[in-house]
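Written out below as structure tokens is the structure these notes cover.
Just so we're clear, the structure is a prediction, and the values are computed from it rather than from any experiment.
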Amino acid sequence: MSVLTIPTAEVFLPLLEPARDKVAYGGRGSGKSHFFAGLAVEDALAEPGDHGGEGLRMVCIREVQQDLAQSAKLLVEGKIAEHNLTEADGFKVYKDCIELPGDGLMIFKGMNQYSADSIKSLEGYKRAWWEEAHTAHQRSIELLRPTLRASGSQLWWSYNPRLDTDPIDVMFRGQETPSDAIVVRANWQDNPWWTKELERERLDTLRMRPEQYAHIWDGDYVKAVEGAYYAQVLAKARNEGRIGVVSEDSLLAKRAYWDIGVSDATAIWITQQLGDKLRFIDHYEAVGQDLSAHLAWLRANGHESAECVLPHDGAKRDAVTAIRFEDHIRNAGFNVRTVENQGKGAAIKRVEAARNKFNRFWFDEDKCSKGLKALGWYHEKQNQGGYGVGPEHDWASHSADAFGLAAVDYREPLSNVELDMTNIGVAV
């Protein structure tokens with residue numbers, strides 16, 4: 001039996017201890033995948049034991065795997081070659097699988113290929129490594145976990161965080177995690193074998209794609225997806241300190257900008273304007289709630305005095321009551337104003353207005369965190385030819401639309417001359 005000496009970065013040492021779930025998350029260049037590929041080879045050698053026991057059966061998984069080039073197979077093959085392991089040691093590489101010592105087997109699958117019945121074929125497997133686990137669907141996780149139930153079985157998860165709502169992140173970084181789980185965060189700084197090529201790539205990202213840098217290299221959540229409308233202006237706002245603590249000023253008027261949802265989400269941004277600065281001090285979004293819930297949030301958070309600014313559909317009459325949406329809000333005691341329709345291409349007009357004025361916008365990062373996440377995600381929809389066909393209507397579009405309304409409704413501050421003329425009663 002071969003004896004391996006595998007150098008291991010200090011950050012991964014906790015994952016060498018026994019555990020049902022072993023999790024490594026973080027950015028590019030940390031060595032997460034190389035660690036698990038090496039551990040797979042090590043466990044394959046150890047599993048048959050000194051008395052010729054049954055070999056390890058292992059499945060390497062992605063949510064969708066169209067071909068083996070997308071799998072972890074090349075990484076594992078590389079570790080087998082690196083440690084000079086051969087057929088004499090029990091390793092034999094085939095086109096679609098790898099034979100392991102003691103009649104063991106490693107296969108490579110996409111979870112979308114499995115059903116509740118076909119997943120039973122994995123019941124004898126003792127290792128499952130889910131690479132790029134941030135793409136894992138909740139249903140897929142729920143299929144896999146109870147299937148790998150052999151004594152001593154382990155589930156390995158490696159991923160770069162995307163959204164805090166992704167099932168994998170909720171499971172291992174939420175308020176409640178599996179009781180027998182070891183979770184480590186690893187980034188490029190933790191890689192003792194860092195190369196000049198990786199350093200050049202990292203610095204190029206920082207220079208050319210600053211809005212993507214924290215996600216790609218530091219394992220941070222996505223703050224702006226590739227091609228998002230507000231990616232660059234959000235990155236600039238962060239660098240300039242316009243996203244942070246923005247406290248409410250009790251002397252300033254407030255406006256509440258709405259995107260009205262009937263069967264989907266309703267979103268509201270609370271703003272105050274100070275000179276030419278538009279301060280976004282609070283944000284709200286709810287799905288499937290009636291109007292009373294939205295108004296209750298405004299009252300509960302001290303925004304009952306805010307002028308409610310609605311998009312043009314605020315003037316539409318309710319199909320049941322024949323009362324306009326704006327009248328419902330007005331009858332509840334709020335001051336209401338409806339912005340007239342911007343006409344054809346209204347969504348893009350809102351985007352352009354927001355991007356043009358973004359250098360005047362300030363955000364409270366804590367209270368507006370979900371809204372900022374939506375702005376970072378809001379992006380162009382593409383047709384089959386790859387051409388943009390307007391904004392993608394998804395979970396981010398509601399907050400983005402309400403934000404765009406605030407940009408369209410932005411008012412230039414009065415000049416000193418205009419203020420003087422106003423004070424003496426001259427119309428301006």
Side-chain angles (χ1 to χ4, degrees), residues 2-16 22-43 60 62 65 67-86 91 93 98 108 129-135 156-163 168-169 173 182-228 231-232 234-241 376:
S2 298
V3 177
L4 299 186
T5 300
I6 303 179
T8 302
E10 184 177 359
V11 68
F12 298 122
L13 292 180
L15 297 177
L16 298 179
K22 298 185 177 185
V23 186
Y25 72 91
R28 183 180 299 173
S30 65
K32 302 182 298 294
S33 299
H34 281 275
F35 167 77
F36 279 120
L39 187 60
V41 171
E42 180 182 4
D43 281 8
C60 298
R62 293 194 177 199
Q65 183 177 285
D67 58 63
L68 287 178
Q70 299 175 321
S71 73
K73 186 169 182 286
L74 286 178
L75 274 176
V76 176
E77 289 180 19
K79 295 302 177 184
I80 292 171
E82 180 183 335
H83 298 296
N84 300 312
L85 298 169
T86 66
F91 293 90
V93 176
I98 300 175
F108 305 86
W129 173 21
W130 199 314
E131 176 75 327
E132 295 195 358
H134 56 272
T135 64
W156 303 346
W157 316 84
S158 54
Y159 71 102
N160 188 347
R162 184 179 57 177
L163 300 174
I168 188 70
D169 220 66
R173 298 178 66 194
I182 298 175
V183 182
V184 301
R185 178 172 186 164
N187 283 317
W188 63 272
Q189 302 95 326
D190 301 304
N191 186 348
W193 301 283
W194 189 248
T195 66
K196 63 180 181 181
E197 290 78 13
L198 282 170
E199 178 64 7
R200 187 179 299 116
E201 184 180 348
R202 183 184 72 84
L203 293 176
D204 281 346
T205 304
L206 185 61
R207 176 175 56 87
M208 300 164 58
R209 301 162 64 197
E211 72 279 5
Q212 299 287 327
Y213 178 85
H215 167 62
I216 293 173
W217 292 98
D218 291 339
D220 201 355
Y221 293 121
V222 171
K223 290 184 172 63
V225 298
E226 197 79 38
Q232 293 183 1
L234 275 170
K236 183 179 179 183
R238 288 186 184 280
N239 291 337
E240 294 177 352

Can you see which heavy atom on [X] is nearest to which on [Y], and at what distance?
{"X": "Ala228", "Y": "Gly376", "answer": "CB-O, 3.2 Å"}
{"X": "Ala235", "Y": "Pro210", "answer": "CB-C, 4.5 Å"}
{"X": "Leu75", "Y": "Ser33", "answer": "CD1-CB, 3.4 Å"}
{"X": "Ala24", "Y": "Phe36", "answer": "CB-CE1, 3.8 Å"}

Sequence neighbours left out, what passes side-chain hydrogen bond (donor to acceptor under 3.5 Å, both in side chains) with [X]? Give chain and number order.
{"X": "Thr205", "result": "Trp217"}
{"X": "Asp220", "result": "Lys223"}
{"X": "Asp218", "result": "Trp188"}
{"X": "Ser158", "result": "Trp129, Glu131"}

Distance-only check: which donor-acceptor pairs under 3.5 Å involve side-chain atoms of residues 4-13, not counting sequence neighbours?
from	atom 1	to	atom 2	distance (Å)
Thr8	OG1	Ile6	O	3.2

From [X] [atom1] over to [Y] [atom2], what is the distance, rounded to the nearest 0.5 angstrom?
{"X": "Ile182", "Y": "Leu16", "atom1": "CD1", "atom2": "CG", "value": "9.0 Å"}
{"X": "Leu163", "Y": "His134", "atom1": "CG", "atom2": "NE2", "value": "10.0 Å"}
{"X": "Lys32", "Y": "His34", "atom1": "NZ", "atom2": "NE2", "value": "10.5 Å"}

Short side-chain to backbone donor-acceptor contact, His215 and Pro161, under 3.5 Å: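 Present.
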Main-chain N/O of Ile216 paired to Arg28 side chain as donor or acceptor, under 3.5 Å: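 Absent.
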With sequence neighbours excluded, residues passing salt bridge (Lys or Arg N to Asp or Glu O under 4.0 Å) with [X]:
{"X": "Arg207", "answer": "Asp204"}
{"X": "Arg62", "answer": "Glu132"}
{"X": "Asp169", "answer": "Arg173"}
{"X": "Glu199", "answer": "Arg202"}

Test ring-ring contact (aromatic ring centres under 6.0 Å, His included) applied to Trp157 - qualifying residues, sequence neighbours left out: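 Applying ring-ring contact (aromatic ring centres under 6.0 Å, His included) to Trp157 gives Trp130, Phe172.
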Asn191: side chain to side chain contact (heavy atoms under 4.5 Å, CB included) partners, not counting sequence neighbours: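 In terms of side chain to side chain contact (heavy atoms under 4.5 Å, CB included), with neighbours along the sequence ignored, Asn191 is linked to Trp193, Trp194.
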CD (Glu201) with more than 12 external heavy atoms under 6.0 Å: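 Yes.
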Derivation and outcome, side chain to side chain contact (heavy atoms under 4.5 Å, CB included), residues Arg200 and Leu198: CA-CA 5 Å; Arg200 187 179 299 116; Leu198 282 170; over 6 Å; no
Full working for side chain to side chain contact (heavy atoms under 4.5 Å, CB included) between Phe91 and Thr86: CA-CA 6 Å; Phe91 293 90; Thr86 66; over 6 Å; no
Qualifying salt bridge (charged side-chain N to carboxylate O under 4.0 Å, His left out) pairs with a residue from residues 73-83, counting only residues at least two apart or across chains: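 Residue pairs with at least one partner in residues 73-83: Lys73-Glu77, Lys79-Glu82.
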